[in-house]
Amino acid sequence: MSEYEAMGSILKRMTWWPEVEVAVEKIIIDERQDERLRLERLELERLEAKATKIIYMQPPKQQKKKGSDFSAVVTNPDKAKLVIALLHKHTDGKQKPQDFIMPIRAAQDAGVIRRPTYGEAESEFGAGHFSKGSFSYWTNDSNKYYGSDYANMVEVFRQL
């Protein structure tokens, strides 16, 4: 029992005035709220300190050079820059994952690149254009593209 609670019980016994009882109860409630707020602040400070430790303990991320991973995908290293530039030309402005991946698949079917991994393609073309599942689906040999646009792209890559 805190000193305010003890004082409150003594005052309640000594007097019959309701105003005193209300005042004593208000003091007791204020004391409990102050203690609760103090504990909440301490918990928040403890969590912030813990989060800061976690942030500082993580190793720094290494930045990848753009195109360094994807140039290993090209079968003819002498034409790597040309193939990558042509892939960027055909993928620029595409919104749908299927349309974005089509030039990569055309180059793959033409034999100028091997099937790239999701990480290699994402490091070259940037994140957000396609998901890992759609990339895997559309670069799989069992799933076919149809249409003249795709056939023309395959022919362009074969001529390289």
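Below, each value reflects all heavy atoms present in this structure, side chains not excepted, and no hydrogens, waters or symmetry copies. Position 1 is the first residue of the sequence, and the numbers go up from there.
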Participant: What residues, two or more places apart in sequence or in another chain, satisfy side-chain contact (heavy atoms from CB on, under 4.5 Å) together with Q95?
Facilitator: none
Participant: Nearest 0.5 Å please: distance from the OG atom of S131 over to the OH atom of Y118.
Facilitator: 7.0 Å
Participant: State, with a plain yes or no, whether a side-chain heavy atom of F100 is found less than 4.5 Å away from one of H129.
Facilitator: yes
Participant: We want to know whether E124 and H88 form a side-chain donor-acceptor pair, criterion being a heavy-atom distance below 3.5 angstrom.
Facilitator: yes
Participant: Listed by chain and number, what are the side-chain contact (heavy atoms from CB on, under 4.5 Å) partners of N140, not counting sequence neighbours?
Facilitator: R115, S142, N143
Participant: Applying side chain to side chain contact (heavy atoms under 4.5 Å, CB included) between Q108 and each of T139, I101, T75, report the one that passes.
Facilitator: T139
Participant: With R41, which residues qualify under salt bridge (Lys or Arg N to Asp or Glu O under 4.0 Å), at least two apart?
Facilitator: none
Participant: Taking the side chain as every heavy atom from C-beta outward, state whether I104 and L87 have any pair of such atoms under 4.5 Å apart.
Facilitator: yes
Participant: Can any side-chain N or O of Y145 pair as donor or acceptor with the backbone N or O of Q98 at less than 3.5 Å?
Facilitator: yes
Participant: With V74, which residues qualify under side-chain contact (heavy atoms from CB on, under 4.5 Å), at least two apart?
Facilitator: A80, V83, I84, I113
Participant: Would you please name every residue forming a side-chain contact (heavy atoms from CB on, under 4.5 Å) with K96, sequence neighbours left out?
Facilitator: D99
Participant: Is it true that a side-chain atom of S136 and a backbone atom of G133 form a donor plus acceptor pair closer than 3.5 Å?
Facilitator: no
Participant: So E120 and R114, salt bridge (charged side-chain N to carboxylate O under 4.0 Å, His left out) or not? Walk me through it.
Facilitator: CA-CA 11 Å; E120 290 169 334; R114 64 169 171 76; 2.8 Å; yes
Participant: Pairs under 3.5 angstrom only: tabulate donor-acceptor contacts from the side chains of residues 151-160 to other protein residues two or more places apart or in another chain.
Facilitator:
| from | atom 1 | to | atom 2 | distance (Å) |
| --- | --- | --- | --- | --- |
| N152 | ND2 | S148 | O | 3.2 |
| E155 | OE2 | R158 | NH1 | 3.3 |

Participant: Checking ring-ring contact (aromatic ring centres under 6.0 Å, His included) for the pair F125/F130: CA distance, chi angles, key distance, verdict?
Facilitator: CA-CA 10 Å; F125 298 104; F130 46 81; 7.3 Å; no
Participant: Are the side chains of R105 and K144 in contact, using a 4.5 Å heavy-atom criterion?
Facilitator: yes
Participant: So, does K81 use its side chain to make a donor-acceptor pair with the main chain of D78 at under 3.5 Å?
Facilitator: no
Participant: Of all heavy-atom pairs between F135 and P116, which one has the smallest distance, and what is that distance?
Facilitator: CE2-O, 3.3 Å
